[in-house]
Amino acid sequence: MCCFSQPVVSVSATNIFARPAEEGRQFLVYSMTLEAKKDLAMILPVPVKLGTDEKGLTFIDLSGYPEFFSDLFSGFPVPIPASKALTRSMTLSGEAAPKLEVVKVGSFEASFVPTMKDFSRLDERFRISDTAWKELPTYKDYGFAVFKLKSGDAKIHPMAFSFPRRDTRTLFFPTVHIHDGKVHRTAKFDHSLYCQPGEMERPEIHDWQESYANASRFMKTDKAKGLILADQHCYQKRLSGRLSNQDTIVNTFA
């Protein structure tokens with residue numbers, strides 16, 4: 001799922017799409033249904049290439065294609081069984097600073113936080129406590145995509161961006177949960193993961209379901225801002241129930 005700067009009432013129906021992009025980058029698209037009592041931020045840690053500055057992550061406005069994931073789901077007409085995904089934990093690895101740039105991305109305000117120390121440049125309402133981050137040393141040299149969300153009960157339109165991959169042999173899905181300011185060993189999952197691994201890649205997706213046809217048959221690729229390859233199949237994996245609280249990483253080369 002993701003990390004929130006304030007407690008949430010509920011999060012469900014999470015969808016994540018990933019695809020390799022040119023020049024060693026990765027596309028990532030994320031949506032969910034959220035209920036929260038306060039304005040808050042959703043924070044997605046991503047393993048950016050070391051040395052990436054605050055211009056290194058590019059936000060993509062998908063507000064014109066809110067049905068991105070419903071169309072993607074339609075490419076898999078036969079329900080697939082809930083099961084544990086192919087997951088593993090990644091290896092742990094004076095003057096006031098200027099405020100981070102805030103950009104408008106559809107109905108969201110978003111910022112890229114290039115390093116953990118740069119959270120001090122965000123409003124306190126949109127940070128996670130240092131105590132929580134200390135329990136997740138993996139993220140000490142990650143970057144963070146931050147989306148500011150309003151309180152209430154809402155279906156979140158897809159949030160999308162591209163980032164320079166640290167490991168160009170993998171696709172990264174941010175599935176660690178922080179919903180109450182604490183890090184728990186397990187978490188309740190309600191996820192659909194999707195990917196297009198790329199024409200020349202050999203991914204570890206033997207237990208993912210393949211779409212019935214190329215994406216052009218069920219996606220409005222002209223509205224997808226280049227995120228979907230029209231002439232390739234897509235793959236789906238369900239994560240459901242109480243599972244280990246960790247990110248999901250798919251090796252794209254055998």
Side-chain angles (χ1 to χ4, degrees), residues 1-2 11-22 25-34 42 44 46 58-87 105-108 145 147 154-163 165 170-175 189-241 248-254:
M1 207 168 286
C2 54
V11 183
S12 60
T14 299
N15 295 286
I16 309 174
F17 171 82
R19 179 173 79 79
E22 295 180 354
R25 298 178 70 86
Q26 178 185 315
F27 289 124
L28 195 139
V29 188
Y30 197 105
S31 78
M32 64 192 167
T33 299
L34 171 72
M42 185 189 76
L44 296 178
V46 288
T58 302
F59 292 103
I60 301 167
D61 183 358
L62 271 185
S63 59
Y65 194 9
E67 65 273 22
F68 179 94
F69 280 109
S70 59
D71 284 356
L72 187 52
F73 177 78
S74 71
F76 304 86
V78 180
I80 61 173
S83 62
K84 292 186 178 180
L86 175 65
T87 61
V105 188
S107 62
F108 308 113
F147 296 86
K155 169 71 175 178
I156 306 300
H157 83 61
M159 295 165 275
F161 55 89
S162 74
F163 65 93
R165 288 190 282 177
T170 64
L171 283 177
F172 176 81
F173 295 82
T175 51
F189 281 72
D190 179 20
H191 290 52
S192 292
L193 307 184
Y194 299 91
C195 72
Q196 280 187 315
E199 194 171 48
M200 301 303 294
E201 315 232 351
R202 296 293 181 269
E204 287 186 348
I205 52 174
H206 53 274
D207 56 349
W208 292 51
Q209 184 184 14
E210 186 173 0
S211 61
Y212 72 87
N214 289 341
S216 60
R217 294 281 298 277
F218 50 88
M219 298 291 294
K220 301 177 184 70
T221 54
D222 59 326
K223 298 173 66 174
K225 300 290 185 73
L227 291 160
I228 291 282
L229 297 173
D231 61 349
Q232 291 191 20
H233 285 216
C234 299
Y235 297 83
Q236 181 195 57
K237 179 81 172 184
R238 276 289 297 160
L239 292 178
S240 181
T248 301
I249 299 167
V250 174
N251 292 314
T252 54
F253 288 94

(message) Which residue in the set F76, Y235, F27, F68 passes ring-ring contact (aromatic ring centres under 6.0 Å, His included) when paired with Y194?
(response) F76
Evaluate the side-chain proximity of [Y] to [X]: yes if any heavy-atom separation is below 4.5 Å, no if none is.
{"X": "L62", "Y": "S31", "value": "no"}
{"X": "S192", "Y": "F69", "value": "no"}
{"X": "F161", "Y": "V105", "value": "no"}
{"X": "T58", "Y": "R25", "value": "yes"}
{"X": "F172", "Y": "I249", "value": "yes"}
{"X": "V250", "Y": "C195", "value": "no"}
{"X": "R217", "Y": "Y212", "value": "yes"}

Between [atom1] of [X] and [atom2] of [Y], what distance do you get to the nearest 0.5 Å?
{"X": "L171", "Y": "L193", "atom1": "CG", "atom2": "CG", "value": "11.0 Å"}
{"X": "I228", "Y": "Q196", "atom1": "CD1", "atom2": "CD", "value": "4.5 Å"}
{"X": "Q236", "Y": "S211", "atom1": "CD", "atom2": "OG", "value": "10.0 Å"}

(message) So that I know where these two stand, are F147 and Y30 an aromatic pair - ring centroids less than 6.0 Å apart?
(response) no
(request) Using a strict cut-off of less than 4.0 Å between a Lys/Arg side-chain nitrogen and an Asp/Glu carboxylate oxygen, indicate whether D190 and R238 qualify as a salt bridge. (result) yes
(message) For K225, is there an ion pair with D61 - N to carboxylate O distance below 4.0 angstrom?
(response) no
(message) My understanding is that only residues two or more places apart in sequence, or in another chain, count here; which of them pass side chain to side chain contact (heavy atoms under 4.5 Å, CB included) with E67?
(response) Y65, S70, D71, K220, K223
